[in-house]
Visitor: 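Handing you a structure now.
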Amino acid sequence: MSFTRFLGGGWRVRLLMLLSLVGILAIVASACGDDDDDDDDDDEVATEEPADDDAAETATEAAADDDAATGDLVVRIPAGDPIVIGASVPLTGPDAALGIDSRDGAIVGIEQWKLDNEEQILGHDIELVAEDDGCSDAAIATAAAERLVDQAGLVALVGPLCSGGAQAAIPIYQERGFVMISGSATRTDLGETQPEPRFFFRAVFRNADEGIVQCRYAIDTVGASAAYVVDDTEPYGEDLANAAQECLEGEGVTVTREKIERGATDFSALASRAAADNPEVLIFEGFNPEGQLILTALRAAGYEGLFMSGDGVASVTDFIEPDPELAEGAYFAGCGGDYPEELLALYDEHIGNPPTTPFVAHYADAARILLTAISEVAVDEGGELVIDLNELRDTVAATEFETGFSFTGTIRFNEFGDRAGETGEDLGLPECLVEGGAFVTL
Amino acid sequence: VVEAVLARFRAIPENLKTPLYIIGTFILAYLLIEYTPLIDPIPPIWQQQIVNALSLGGLYALIAIGYTMVYGVLQMINFAHGEIFMLGAFAGLWVFNQTTDLHDNAAGLVILMAMIAAMAWSGICALALERIAYRPLRRAPRLVPLISAIGASFFLAQLVNVILRGRPQPVPRVFPEGSIQIGDAEVDYIRLFLIVMSFVFMLALFYFIRLTRTGKSIRAIAEDKDVAALMGINVDRTIQITFLLGAILAGAAGVLYSLFIPTLTGTMGFIPGLKAFTAAVVGGIGNIPGAMVGGYFLAFAETLGVQAAFEIDPELGAEASGYKDAIAFTLLVLVLIFRPYGIFGEEVGKKRA
C-alpha cells in the first residue's frame, strides 16, 4: 500500500497506535532490563501474586508491632484434653489429592511415633486437626491459619503445604509462636524471607537444592562442559533453572538458557538449536506434557546428550508411558513416591488405599519431629500440660533426625529453618534414572 | 519464443495461476538451494529453522482456513475449531491403535485410513456443533454465538480430558523414520510429508472454492447472504458445507500433527487454535489465501524471531525464547496497524464497505 493512502486513511489514529505500541515496547524493554540487572529479585517478584505479597506484608507488620513471638508464649492443656497437632493442607480443589495424602502422611507419622515411644505424652492424647488452606490461595491460607491458631490445645503444625499459602500464613502462626514444619513447600526463598524469630521449618528440600543436585550430577557424573537449561517461565521452573544455571556456571560450564511457555507443543526450534550445539546435558525445569514433548522433539532433531529434569516431570503416566523407549536413560532429581515398606504398612493399616503423591514421607517425618520435641519440652503441672513455645522452637531447630529413623534421610535444619545438606540423601531428594520403563533410584 | 511463452501463460485462466505461482516458487526455491551457492551463506541452523517454520506454518494454515471460511460466511469466530482439530487427531489415533499389525508393512495405508477417519470424524463433529451450538443462534446478536463457541470449546476439551482421565495419550510411531538432506538442513520424512500435504490440501480447497458450484455458492454467501438466498442458494446447506470443509482440513491437520507430536491431550487444540485464529486475522479474516499466508507468517515470525535474538546475543536469546509469542504478536500488531484488514483483507474490506 502507498504512503498517500496511509496519510489519507485516518493517519492520526494509526500514528497514535504506532506511538503507543512503541511506548509499550519501551516499557517492556525497560522491565526486561531491570530483570537482567537484578537476578536475585527475580524469584521473589516472579513467584507471587500481588495479593499474596500484600497479605504477607500486612501480617509481617502486625507481628513486628506486637513483637509477641519473642515474649513468653505458653500453651496450657487442661487434664484430659488432647495435644493438637495442626495440619495446613488443601483438602478441596485441584490440589486436594496432594493435601489429603500429606495429611495422612502426618497421621502415619504420629502412629509411627506412638509405636516407637508411647500412646500419650504425659497422660494426654495426641490428635491431628487439619484445615483446608487452599494451597496457593493467600486468602484461604490466612483464614485457615486464623482458625487453627484459635484451636484449643494446638501446640504446633505441619504445613502449610504450598509455598504461596505458606508465605501468607507464616506470620500469623509466627506471631502466636506456633512451630510449622512443611513437608512440601519448596520455594527457595521461603525460609530466608520469613519474619524473625523463625518458626517455619522445612523437612523438604528447596527448589534450589533440586537444581544444585542436578548440577552436581551433570558435573560429577556426566562431566559436562556445556549445558542447556530450559524452564517453562513459571515460578517453579524458573526457581529451579536459576539455581541449576548459577551452579553450573560457577563450575565453568557453558550454559545456554532457554524458556518455553506452558501449553506450547511444538519445540522443534529449541530442539534444532540444542541438536546443533549438542551439549552433554539438557535440563528441563517444568511439568508435563511439555517435558515429554521436549524430549521427543530433542531426539527427533538428533540431540544425543542426557535429558535431565526434576520432580515436576518425574511421572510414570505422563513421562514414561507415552513412549517408554524414548524415556529410557533420562535423569531425575526428586522422583518421589518410592516409600519405605514400614511406612506403607502403617499407611495401609490407618488410611487404606496407598498414597499416590510424593510428600507423604516428608510429612510423616515432620509430625515425628514435632512430637519428639514436644515430649522433651512438655511439663506436667498437676495434670495440666505446659509447653513453652519458644523452647519448643529451639528444640525443633536443634533436631537431629538420623537416617534409619527418618523416612527421608538425615534431617537437620539450618539457620533459616531450611533442611540442611548438600547431597540428595541429606535433603530427602532421591535421584533416579529411567530404566526398563520405571524410575530406578540411584 | 519468449513472446509465445508469455502469450500462452496469459491464456491460462486466472484460477490456475495462483497455484502455478506457488508450485513455481517451490521449484525455483529447490533449484536455488540445490544448484546455486545462494543458500551456502545461510548457516545450517537457520536452514533448519526455516524447515521447522514451514512445517509449523503448514499446520497453522490448515487450521486457520477453517476459522476464516466460517467467518467468511457467518461473520462468526468458531472458537471451538481448535477442538475440532483435536478430535480429528484422536480419530487418527484410534485408527493407529486399531491397526497395530499393519504399521510395519503398510504404513502408507494406515496413515491414509487415519486421515480419512480423522476428516470424517472432524466433519461429523463440526456438523453436530453447527446444528447444536450455532444454528439456533443464527438470528441472535453477534456476541451470542461467540459465547456459545467459547463454551463449546471448553466443553469438548474438558469432555475428552474427563474421558481420558487427564492422561496424555501416546501416539504409536507409524511413519517411517529417516530424513533427507536439503541444503544443510536435515528434513525428516514426517516433516517433509507435513509440508507437502498441507500444500496439497490447501490447493485442493482452493480449486474446490474456485471451480465448483458449491464453491461458488460459498463465495456468494460470503459476499451477501440475503442476496444469495434470493438467488436460490440454500444458505443453511452451504453454511453446513463450509463448516464441513474447514473441519475436514482441521482433521487432516490433526493427523499430521499427531505424526510428529506424539502425545495427545484434550486441551491440545487450544494453543494451535489460538495461533491459527491469529493467523487468519493477520491474513485478512474471511480470505482463504490470506489464512494460508498468515499461518506461514506467524510460524516464521515466532521461529525465526527467537533464532535472530540468539544470533545477536545468547542472553538476549534466553530472554527472547520466553517471549516467543510476544515477538510474533508484536509483528502481527505492526502488520495490522498498516493493514487493518490483514495482509489480503483489503478487497474483502472494500467490497463490504
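To find a chain, count down the sequence lines: A is the first, B the second, and so on, and within it residues start at 1.
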Visitor: A:Asp239 side chain to A:Thr188 main-chain N or O, any donor-acceptor pair under 3.5 Å?
Guide: yes

Visitor: At a heavy-atom distance under 4.5 Å, which candidate from A:Leu293, A:Thr233, A:Leu326 has the highest pair count against chain B?
Guide: A:Leu293

Visitor: Of the backbone (N, CA, C, O) and the side chain (C-beta and beyond), which part of B:Phe270 lies under 4.5 Å from a heavy atom of chain A, both, or neither?
Guide: neither

Visitor: Supply the atom-to-atom distance B:Gln169 CD to B:Ile163 CD1, rounded to the nearest 0.5 angstrom.
Guide: 11.0 Å

Visitor: With a 4.5 angstrom heavy-atom cut-off, could you sort out which part of A:Ser272 is near chain B: side chain, backbone, both or neither?
Guide: both

Visitor: Look at the side chain of A:Arg299 and the backbone N and O of A:Tyr303, then say whether any donor-acceptor pair between them is shorter than 3.5 Å.
Guide: yes

Visitor: Quick one: sort the A:Phe319 and A:Phe307 rings into parallel, tilted or perpendicular, breaks at 30° and 60°.
Guide: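 Aromatic pair A:Phe319/A:Phe307 classed parallel.
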
Visitor: Under the ring pair (Phe, Tyr, Trp, His ring centres under 6.0 Å) rule, what do B:Tyr296 and B:Tyr60 come out as? Steps first, then yes or no, please.
Guide: CA-CA 7 Å; B:Tyr296 287 102; B:Tyr60 286 167; 9.4 Å; no

Visitor: Minimum heavy-atom separation for B:Pro289 and B:Asn287, please, with both atom names.
Guide: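 What the structure gives for the nearest pair is CD-OD1, 3.1 Å.
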
Visitor: At a heavy-atom distance under 4.5 Å, which candidate from A:Gln292, A:Arg257, A:Glu258, A:Lys259 has the highest pair count against chain B?
Guide: A:Lys259

Visitor: Is it the backbone or the side chain of A:Thr296 that comes under 4.5 Å from a heavy atom of chain B, or both, or neither?
Guide: side chain

Visitor: Looking at B:Leu59, B:Thr267, B:Leu56, B:Thr303, which one has more heavy-atom pairs under 4.5 Å with chain A than the rest?
Guide: B:Leu56

Visitor: Under 4.5 Å heavy-atom distance to chain B, tell me which part of A:Glu261 shows up: side chain, backbone, both or neither.
Guide: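 Only the side chain of A:Glu261 comes within 4.5 Å of chain B.
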
Visitor: Need one label for B:Gln49: side chain, backbone, both or neither, based on atoms under 4.5 Å from any heavy atom in chain A.
Guide: side chain

